[in-house]
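In what follows, chains carry the letters A, B, and so on, assigned in the order in which the sequence lines appear, proteins first and then strands, with residues in each chain numbered from 1.
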Amino acid sequence: MIVFFNTLSRKKEIFKPIEEGVVKMYTCGPTVYDFAHIGNFRAYVFEDLLHRFLEYAGYRVIRVMNITDIDDKTIAGAIKENVPLHQYTEKYINAFIQDMECLRLKKATYFPRATQHIKEMVSLIKTLLLKGYAYEKDGSIYFRISSFPSYGKLSHYDFDKIVSARTDSDEYEKEQARDFALWKGTKDEPFFWNTEIGKGRPGWHIECSAMSMKYLGETFDIHTGGVDNIFPHHENEIAQSEAATGKKFVNYWLHCAHLLVNGEKMSKSKGNFYTLRDLLNKGYDPLAIRYLLMSAHYRDPLNFSEKSLKQAENTVKHLHAFYQRVSFALTIKGEPDPVIEKSLQTSSNEFFSALADDLNISAAIASIFKLMRNINESFESGRLTAKNAEKILKFLNRINEVLAIFETSREQLSLDIMQLIRERERARKEKNYQLADRLRKEIADKGIFLEDTPYGTRWIRK
RNA sequence: GGCCAGGUAGCCAAGUGGUAAGGCAACGGUCUGCAAAACCGUUACUCACCGGGUCAAAUCCGGUCCUGGCCUCCA
């Protein structure tokens, strides 16, 4: 049984997809006007964990991640650089894909771009106009919130009580201040589409409704994003989608908390952000970044610091060394240690049930560390054999499908390094430690660290 | 003003009625030619604060304080 905390009900609910064995999921993606910062990536890592866990649980996941390539900021950027919009956004789309790979974020099934779905948006807006949920004013089209009584059900805002903290200084004409733009009529802006509903460009929210419905249907299982998307973005999506179809839009809404830096939200507007590239340039391990972003529960705020990133680096290093140590045990003959068999089973159960409880990653990871301890003990006391190691590796590979923090590729060393290791082995046997240490240093300079164990010398990259 | 999170060891972080998981760091020990890793041991009589109730609370109830977020740019 899997439970998720649903923003809609503010409760943990048992997860049951519409179609058995299949999960249809929409994950809010980037607006490609700049490099994504690691605050953004916290959300993407959370979505990745969700995606991977659902597959681990046996579901086929059909996932959409939208690319917002038309909005005020992308337009401003393109104008500033005096290039076509698509040329401006292409750079950041490519960077985003690269960053995703770097953090081992699984690809969505579809990455639809807003600019390539104008037709679908126009059609949706036409439906809303036809049904009386939208109105046109001065070439722009707005959603009439007063026509949708359940507006506010996601954010749980009571609009009668809310005194807006901001004064409205909107350049567009609206019946009511809270009505939002479906279509922004264009007067002399450079980027626009000529459509049946006029000359202009889409509002921000409509793309997600149009594209999710196109790829996932009018009602689908999961929709995710950061908490700052709850209002207005997701609230508006619900309004326009449900108004248009008359059906429930999404069954489970999952939102992740913000990444903080020095106790404050990390955001572009505050300037207190790190991009992934910033951190990589400082020499940090991308897997440590992934681990750090993933290691706190998604609904809790996570305070980012380079200190915690260094801690994460050490943790990841240990995990990595552990994985290699187990690989090394594949050569040890003998009967399997029954303690390990049992420990694997326990760990496997704990891992799954932890994640099944609204992605309790801390408990899931703790179960892995407990297993590690047992295995190390077994290895230390000489009870661990290849028969255990095979099963352990199989298990680690399996959970790595969810966590993606182990480096599982069996790297082959180059022949010259192998040769150096052999030479050092010979020197050690001859008790020529000076030469042995010099060779170890030489090998270390090539990025390979050597460990001497009772079973022989083994190596670890880095 | 309305709404939502959170406050657990030096740091990160689980646990939401049965007597404080896990990680990082630190210190002591074992092993080792050295190194590293690993292993063993130590590190919260206590969970922001106050009060209540319970055989029993970090966990429930009432109140207070602090931090962050949302209230039409935002993951």
Original post:
Just to confirm, is there a sub-4.0 Å distance from OP1 or OP2 of B/C24 to any side-chain nitrogen or oxygen of A/His318?
Top reply: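 For A/His318, the contact criterion (side-chain N or O under 4.0 Å from OP1 or OP2 of B/C24) is met.
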
Original post:
Would you say a side-chain N or O of A/Lys317 is under 4.0 Å from OP1 or OP2 of B/A37?
Top reply: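 Indeed not, no polar side-chain atom of A/Lys317 lies that close.
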
Using the benzene-type ring in the case of Trp, are the ring centres of [X] and [Y] under 6.0 Å apart?
X	Y	value
A/Phe148	A/Tyr151	no
A/Phe231	A/Tyr157	yes
A/Phe180	A/Tyr142	no
A/Phe111	A/Phe96	no
A/Tyr323	A/His318	no
A/Phe249	A/Phe220	yes

Between [M] and [N], how far apart are the [atom1] atoms? Round to whole Å, please.
N	M	atom1	answer
B/A21	B/C12	C1'	14 Å
B/G17	B/C55	C1'	12 Å
B/G23	B/G68	P	31 Å
B/G7	B/A58	P	15 Å
B/A56	B/A13	C1'	26 Å
B/U46	B/A20	C1'	8 Å
B/G22	B/G15	P	14 Å
B/C40	B/G33	C1'	24 Å

**OP:** Summarise how protein sits on nucleotides 39-44 of chain B as a single string, 5' to 3': B when a protein heavy atom is under 4.0 Å from the base, S for sugar-phosphate-only contact, - for no contact.
**Re:** SS----

Original post:
Would you write out the dot-bracket form of RNA chain B, 5' to 3', with Watson-Crick and G-U pairs under 3.5 Å, [ ] for crossing pairs, | for pairs to other strands and . for unpaired bases?
Top reply: (((((((..(((.....[...))).(((((.......))))).....(((((..]....))))))))))))....

Rounded to whole Å, how long is the line connecting atom [atom1] of [X] with atom [atom2] of [N]?
X	N	atom1	atom2	answer
A/Ile230	B/G69	CD1	C1'	10 Å
A/Ile365	B/C24	CD1	C1'	13 Å
A/Phe231	B/G2	CZ	P	17 Å
A/Gln176	B/C71	CD	P	19 Å
A/Arg424	B/G33	CZ	P	12 Å
A/Leu355	B/A21	CG	P	21 Å
A/Phe351	B/G22	CZ	P	18 Å
A/Leu384	B/A38	CG	P	15 Å

How is [X] classified with respect to the nucleic acid when contacts are heavy atoms under 4.0 Å: base, sugar-phosphate, or nothing?
X	value
A/Arg440	base
A/Lys310	nothing
A/Arg438	nothing
A/Phe369	sugar-phosphate
A/Ile368	nothing
A/Leu260	sugar-phosphate
A/Gly39	base
A/Arg428	base

Subject >> Check against salt bridge (Lys or Arg N to Asp or Glu O under 4.0 Å), A/Glu101 and A/Lys106 >> reply: CA-CA 8 Å; A/Glu101 281 167 6; A/Lys106 231 178 158 84; over 6 Å; no

Return the polar atom pairs (N/O with N/O) between nucleotides 11-18 of chain B and the protein under 3.5 Å, or none.
{"residue": "B/C11", "atom": "O2", "partner": "A/Gln311", "partner atom": "OE1", "Å": "3.2"}
{"residue": "B/C11", "atom": "O2", "partner": "A/Gln311", "partner atom": "NE2", "Å": "3.1"}
{"residue": "B/A13", "atom": "O2'", "partner": "A/Ser362", "partner atom": "OG", "Å": "3.1"}
{"residue": "B/A14", "atom": "OP1", "partner": "A/His297", "partner atom": "N", "Å": "3.0"}
{"residue": "B/A14", "atom": "OP1", "partner": "A/Asp300", "partner atom": "OD2", "Å": "3.2"}
{"residue": "B/A14", "atom": "O5'", "partner": "A/Ser362", "partner atom": "OG", "Å": "3.2"}
{"residue": "B/A14", "atom": "O3'", "partner": "A/Asn360", "partner atom": "ND2", "Å": "3.2"}
{"residue": "B/G15", "atom": "OP1", "partner": "A/Asn360", "partner atom": "ND2", "Å": "3.0"}

So, [X] versus [Y]: side-chain donor-acceptor pair below 3.5 Å or not?
X	Y	result
A/Asn376	A/Arg325	yes
A/Glu13	A/Ser9	yes
A/His205	A/His234	no

**OP:** Tell me which of A/His156 and A/Thr315 sits closer to the 5' end of RNA chain B, going by the nucleotide each one is nearest to.
**Re:**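 Looking at RNA chain B, the more 5' nearest nucleotide goes with A/His156.
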
Original post:
Taking the inter-plane angle between the rings of A/Phe352 and A/Phe53 on a 0 to 90° scale, is it parallel (under 30°), tilted (30 to 60°) or perpendicular (over 60°)?
Top reply: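 Ring orientation of A/Phe352 relative to A/Phe53: tilted.
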
Which nucleotide in [options] has an atom nearest any side-chain atom of [X]:
X	options	value
A/Ala366	B/A21, B/C3, B/C70	B/A21
A/Tyr291	B/G23, B/C24, B/A35	B/G23
A/Asn314	B/G22, B/C34, B/A25	B/A25

**OP:** Let me know which of A/Phe304, A/Tyr274, A/Phe273 forms a ring pair (Phe, Tyr, Trp, His ring centres under 6.0 Å) with A/His37.
**Re:**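 Result for ring pair (Phe, Tyr, Trp, His ring centres under 6.0 Å) with A/His37: A/Phe273.
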
Subject >> Check: B/C34 base within 3.5 Å donor-acceptor of A/Asp452 side chain >> reply: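 For A/Asp452, whose side chain was compared with the base of B/C34, there is a donor-acceptor pair (under 3.5 Å).
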
Original post:
Within 45° of the ring axis of A/Phe5 and under 6.0 Å from its six-membered ring centre, is that where the NZ or CZ of A/Arg10 lies?
Top reply: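 So A/Arg10 doesn't make the cation-pi contact.
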
Original post:
Out of A/Val64, A/Leu154, A/Leu8, A/Val250, which one pairs with A/His223 under the side-chain contact (heavy atoms from CB on, under 4.5 Å) rule?
Top reply: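 Among A/Val64, A/Leu154, A/Leu8, A/Val250, the one meeting side-chain contact (heavy atoms from CB on, under 4.5 Å) with A/His223 is A/Val250.
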
